[in-house]
Amino acid sequence: MKKEVKKEEYAIVLDFLPTGDPLKNITNPVIYSIGTNYFTLLLLSPKPGVKVDVFEEVYIGDGPRPKIKSILKRLSLNDLTLIARENLEKAIYMILEKKEQEFVNFFNTAGPLNIRVHTLQLLPNIGKKVLENILEEREKEPFKSYKDIEERVKGIKDVKKILYERILKELSGEEKTKLFTI
(Lines give C-alpha, C1' and ligand atoms only; values in the text may rest on other atoms or scores of the structure.)
Protein backbone atom coordinates (compact mmCIF):
# COMPACT_ATOMS: atom_id res chain seq x y z
CA MET A 1 0.00 0.00 0.00
CA LYS A 2 1.40 3.36 -1.04
CA LYS A 3 1.76 5.92 1.74
CA GLU A 4 -0.10 9.18 1.12
CA VAL A 5 2.33 12.04 0.63
CA LYS A 6 1.19 15.08 2.55
CA LYS A 7 1.81 18.21 0.50
CA GLU A 8 0.80 21.80 0.68
CA GLU A 9 -1.46 23.14 -2.07
CA TYR A 10 -1.47 26.78 -1.00
CA ALA A 11 0.75 28.99 1.11
CA ILE A 12 0.31 32.38 2.74
CA VAL A 13 3.09 34.89 2.10
CA LEU A 14 4.82 35.93 5.33
CA ASP A 15 7.57 38.02 3.74
CA PHE A 16 8.58 38.87 0.16
CA LEU A 17 12.16 39.87 -0.56
CA PRO A 18 12.26 40.97 -4.24
CA THR A 19 16.05 41.45 -4.16
CA GLY A 20 16.84 38.31 -2.17
CA ASP A 21 17.87 37.78 1.44
CA PRO A 22 21.33 39.25 2.10
CA LEU A 23 21.45 37.70 5.59
CA LYS A 24 21.33 34.25 3.99
CA ASN A 25 23.40 35.11 0.90
CA ILE A 26 20.39 34.69 -1.38
CA THR A 27 20.56 37.03 -4.37
CA ASN A 28 17.34 36.01 -6.16
CA PRO A 29 13.82 37.05 -5.09
CA VAL A 30 12.37 34.82 -2.34
CA ILE A 31 9.12 34.40 -0.47
CA TYR A 32 8.88 33.18 3.12
CA SER A 33 5.55 31.41 3.53
CA ILE A 34 3.39 29.05 5.57
CA GLY A 35 1.33 26.25 4.03
CA THR A 36 -2.41 26.33 4.62
CA ASN A 37 -2.91 22.57 5.15
CA TYR A 38 -0.08 21.53 7.46
CA PHE A 39 1.43 24.88 8.51
CA THR A 40 4.68 23.98 6.72
CA LEU A 41 7.16 26.86 6.65
CA LEU A 42 8.54 27.15 3.12
CA LEU A 43 10.96 29.25 1.12
CA LEU A 44 9.55 29.90 -2.35
CA SER A 45 11.00 31.27 -5.56
CA PRO A 46 8.59 33.55 -7.44
CA LYS A 47 8.33 33.56 -11.22
CA PRO A 48 10.35 36.37 -12.84
CA GLY A 49 8.72 39.80 -12.54
CA VAL A 50 6.00 38.55 -10.19
CA LYS A 51 5.06 40.66 -7.19
CA VAL A 52 3.23 39.19 -4.21
CA ASP A 53 1.71 40.84 -1.17
CA VAL A 54 2.20 39.83 2.45
CA PHE A 55 -0.73 37.61 3.56
CA GLU A 56 -1.57 36.79 -0.07
CA GLU A 57 -2.44 33.14 -0.65
CA VAL A 58 -0.40 31.61 -3.48
CA TYR A 59 -0.83 28.26 -5.24
CA ILE A 60 2.11 25.88 -4.73
CA GLY A 61 0.48 22.57 -5.70
CA ASP A 62 1.35 20.21 -8.55
CA GLY A 63 -0.54 22.01 -11.32
CA PRO A 64 0.56 25.18 -13.14
CA ARG A 65 1.52 27.84 -10.62
CA PRO A 66 0.63 31.40 -11.65
CA LYS A 67 3.12 33.15 -9.35
CA ILE A 68 5.51 30.55 -7.93
CA LYS A 69 8.45 29.11 -9.89
CA SER A 70 9.52 26.58 -7.26
CA ILE A 71 9.55 25.54 -3.65
CA LEU A 72 13.17 26.00 -2.62
CA LYS A 73 13.11 24.31 0.77
CA ARG A 74 11.32 23.67 4.00
CA LEU A 75 12.18 26.05 6.82
CA SER A 76 12.30 25.97 10.58
CA LEU A 77 10.94 28.74 12.78
CA ASN A 78 14.49 30.07 13.24
CA ASP A 79 14.99 30.38 9.47
CA LEU A 80 12.25 33.00 9.13
CA THR A 81 13.08 36.66 8.67
CA LEU A 82 12.07 39.04 11.45
CA ILE A 83 9.13 40.28 9.36
CA ALA A 84 8.03 36.73 8.50
CA ARG A 85 8.11 35.83 12.18
CA GLU A 86 6.08 38.93 13.07
CA ASN A 87 3.48 37.99 10.43
CA LEU A 88 3.30 34.33 11.45
CA GLU A 89 0.66 34.77 14.16
CA LYS A 90 -1.75 36.65 11.89
CA ALA A 91 -1.24 34.08 9.09
CA ILE A 92 -1.95 31.13 11.43
CA TYR A 93 -5.08 32.89 12.69
CA MET A 94 -6.15 33.46 9.07
CA ILE A 95 -5.83 29.72 8.40
CA LEU A 96 -7.67 28.84 11.63
CA GLU A 97 -10.47 31.20 10.58
CA LYS A 98 -10.70 29.87 7.02
CA LYS A 99 -10.62 26.21 8.10
CA GLU A 100 -12.81 26.59 11.18
CA GLN A 101 -14.98 23.59 10.28
CA GLU A 102 -11.93 21.30 10.02
CA PHE A 103 -10.66 22.31 13.44
CA VAL A 104 -14.12 22.13 15.03
CA ASN A 105 -14.38 18.65 13.55
CA PHE A 106 -11.10 17.80 15.29
CA PHE A 107 -12.83 18.60 18.61
CA ASN A 108 -15.78 16.45 17.54
CA THR A 109 -13.79 13.39 16.47
CA ALA A 110 -10.45 13.31 18.34
CA GLY A 111 -10.01 10.08 20.27
CA PRO A 112 -7.63 8.64 22.86
CA LEU A 113 -3.93 8.76 22.03
CA ASN A 114 -3.26 5.81 24.34
CA ILE A 115 -4.74 4.32 27.52
CA ARG A 116 -3.74 7.29 29.68
CA VAL A 117 -3.88 10.30 27.36
CA HIS A 118 -6.60 11.66 25.09
CA THR A 119 -5.52 13.53 21.95
CA LEU A 120 -7.40 16.65 23.12
CA GLN A 121 -5.19 16.75 26.23
CA LEU A 122 -2.25 17.58 23.96
CA LEU A 123 -3.81 21.01 23.46
CA PRO A 124 -2.72 23.75 25.89
CA ASN A 125 -4.92 24.20 28.98
CA ILE A 126 -6.95 21.04 28.41
CA GLY A 127 -6.68 18.83 31.45
CA LYS A 128 -8.88 15.97 32.66
CA LYS A 129 -11.80 18.17 33.78
CA VAL A 130 -11.98 20.23 30.58
CA LEU A 131 -11.57 17.01 28.56
CA GLU A 132 -14.56 15.49 30.39
CA ASN A 133 -16.60 18.63 29.62
CA ILE A 134 -15.67 18.45 25.91
CA LEU A 135 -16.53 14.75 25.65
CA GLU A 136 -19.87 15.22 27.46
CA GLU A 137 -20.86 18.16 25.29
CA ARG A 138 -19.91 16.58 21.96
CA GLU A 139 -21.82 13.45 22.99
CA LYS A 140 -25.00 15.56 23.33
CA GLU A 141 -24.45 17.25 19.99
CA PRO A 142 -21.42 17.82 17.71
CA PHE A 143 -19.84 21.25 17.97
CA LYS A 144 -20.71 23.64 15.14
CA SER A 145 -18.14 26.44 15.56
CA TYR A 146 -15.39 27.81 17.78
CA LYS A 147 -18.04 29.98 19.46
CA ASP A 148 -20.19 26.90 20.10
CA ILE A 149 -17.24 25.15 21.81
CA GLU A 150 -16.51 28.24 23.93
CA GLU A 151 -20.14 28.61 24.97
CA ARG A 152 -20.75 24.95 25.81
CA VAL A 153 -17.43 23.83 27.33
CA LYS A 154 -16.65 25.15 30.78
CA GLY A 155 -12.94 25.93 30.98
CA ILE A 156 -12.41 26.95 27.34
CA LYS A 157 -12.39 30.66 26.54
CA ASP A 158 -10.50 31.03 23.24
CA VAL A 159 -10.35 27.98 20.97
CA LYS A 160 -8.31 29.72 18.26
CA LYS A 161 -5.67 30.76 20.82
CA ILE A 162 -5.44 27.18 22.10
CA LEU A 163 -4.97 25.87 18.55
CA TYR A 164 -2.50 28.66 17.70
CA GLU A 165 -0.35 27.86 20.76
CA ARG A 166 -0.31 24.14 19.87
CA ILE A 167 0.65 24.84 16.24
CA LEU A 168 3.44 27.18 17.35
CA LYS A 169 4.79 24.51 19.73
CA GLU A 170 4.80 21.98 16.89
CA LEU A 171 6.55 24.43 14.55
CA SER A 172 9.21 25.18 17.16
CA GLY A 173 9.99 21.48 17.54
CA GLU A 174 8.85 21.37 21.17
CA GLU A 175 6.32 18.61 20.44
CA LYS A 176 7.12 15.11 19.20
CA THR A 177 3.48 14.25 18.53
CA LYS A 178 2.19 16.20 15.56
CA LEU A 179 -1.52 17.03 15.48
CA PHE A 180 -1.58 19.73 12.83
CA THR A 181 1.88 19.93 11.24
CA ILE A 182 4.09 17.45 9.39
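Pairing each heavy atom of Pro18 with each of Pro29, the nearest pair is O-CG, 3.2 Å. Contact record, Asp148 with Pro142: OD2-O, 4.0 Å, taken as the closest heavy-atom pair. Nearest heavy atom pair, residue Glu170 against residue Arg166, reads OE2-NE, 2.8 Å. In terms of heavy-atom proximity, Ala91 sits nearest to Ile34 at CB-CG2, 3.9 Å.
Chaining together hydrophobic side chains whose heavy atoms lie under 4.5 Å apart leaves Ile83 on its own. Hydrophobic cluster membership of Tyr59, counting Ile, Leu, Val, Met, Phe, Trp and Tyr whose side-chain heavy atoms lie under 4.5 Å apart directly or via other members: Tyr10. Cluster note: Ile71 groups with Val13, Phe16, Ile31, Leu42, Leu44, Val50, Val52, Val58, Ile60, Ile68 through ILVMFWY side-chain heavy atoms spaced under 4.5 Å, whether in direct contact or through intervening members.
Residue pairs meeting the ring-ring contact (aromatic ring centres under 6.0 Å, His included) criterion with at least one member in residues 61-92, sequence neighbours excluded, do not occur. Residues in residues 112-127 take part in no side-chain hydrogen bond (donor to acceptor under 3.5 Å, both in side chains) pair, two or more places apart or across chains. Sorted by first and then second residue, the side-chain hydrogen bond (donor to acceptor under 3.5 Å, both in side chains) pairs with a member in residues 17-27 read Asp21-Tyr32; sequence neighbours excluded.
If you take CD on Glu57 and CE on Met94, they are separated by 7.5 Å, rounding to the nearest 0.5 Å. Atom CD1 of Ile149 and atom CG of Asp158 lie 11.0 Å apart (nearest 0.5 Å). To the nearest 0.5 angstrom, Phe180 atom CZ is 8.5 Å from Leu96 atom CG. For the atom pair Leu171 CG and Thr181 OG1, the distance stands at 6.0 Å (nearest 0.5 Å). In this structure, CD in Glu137 is found 12.5 Å from CD in Glu132, a value given to the nearest 0.5 Å. Between Leu120 atom CG and Thr109 atom OG1 the span is 8.5 Å, to the nearest 0.5 Å.
Counted within 6.0 Å of NZ on Lys154, heavy atoms from surrounding residues, nucleotides or ligands total 12 or fewer; the atom is thus considered open. Around atom NZ of Lys47, more than 12 heavy atoms belonging to other residues, nucleotides or ligands sit under 6.0 Å away. Sparse packing is recorded around CD of Glu139, with 12 or fewer heavy atoms of other residues, nucleotides or ligands lying under 6.0 Å away. By the neighbour-count criterion of 12 heavy atoms within 6.0 Å, atom NZ of Lys67 is densely surrounded, having more than that number from other residues, nucleotides or ligands.
One hydrophobic cluster, built from ILVMFWY side chains closer than 4.5 Å, holds both Leu77 and Leu179. Follow the hydrophobic side-chain contacts under 4.5 Å out from Leu41 and you reach Val54 in the same cluster. In the hydrophobic clustering of ILVMFWY residues, with side-chain heavy atoms under 4.5 Å counting as a link, Leu122 and Leu135 come out together. Under a hydrophobic-cluster definition in which Ile, Leu, Val, Met, Phe, Trp and Tyr are linked whenever side-chain heavy atoms come within less than 4.5 Å, directly or via other members, Tyr146 and Val130 are assigned to the same cluster. In the hydrophobic cluster analysis, where Ile, Leu, Val, Met, Phe, Trp and Tyr join through side-chain heavy atoms closer than 4.5 angstrom, Phe106 is grouped together with Ile95.
The aromatic rings of Phe39 and Phe103 sit tilted, their planes meeting at an angle between 30° and 60°.
For Lys161, the side chain to side chain donor-acceptor pair (under 3.5 Å) partners at least two apart in sequence or on another chain are Glu165. Qualifying side chain to side chain donor-acceptor pair (under 3.5 Å) partners for Glu102, counting only residues two or more places apart in sequence or in other chains: none. Under the side chain to side chain donor-acceptor pair (under 3.5 Å) criterion, Ser76 pairs with Asp79, sequence neighbours left out. Listed by chain and number, the residues in a ring pair (Phe, Tyr, Trp, His ring centres under 6.0 Å) with Tyr164 are Tyr93 (sequence neighbours excluded). Scanning for side chain to side chain donor-acceptor pair (under 3.5 Å) contacts around Glu8 gives Thr40, with sequence neighbours left out. Looking at residues two or more places apart in sequence or on another chain, you find no salt bridge (charged side-chain N to carboxylate O under 4.0 Å, His left out) involving Glu86.
Between the side chains of Asn37 and Lys99, at least one donor N or O sits under 3.5 Å from an acceptor N or O.
At a threshold of 4.5 Å between non-hydrogen side-chain atoms, the residues Lys90 and Ile12 do not count as touching. When side chains are defined from C-beta on, Ile92 does not count as touching Leu163, because their heavy atoms never get closer than 4.5 Å. The shortest side-chain heavy-atom distance between Val153 and Phe143 falls under the 4.5 Å cut-off. Within the 4.5 Å cutoff, the side chain of Ser145 has heavy atoms near those of the Glu100 side chain.
Comment: Lys140 does not engage Glu136 in a salt bridge, judged by the lack of any side-chain N to carboxylate O separation of less than 4.0 angstrom. With respect to Glu150 and Lys147, no salt bridge is recorded, no charged nitrogen being found less than 4.0 Å from a carboxylate O.
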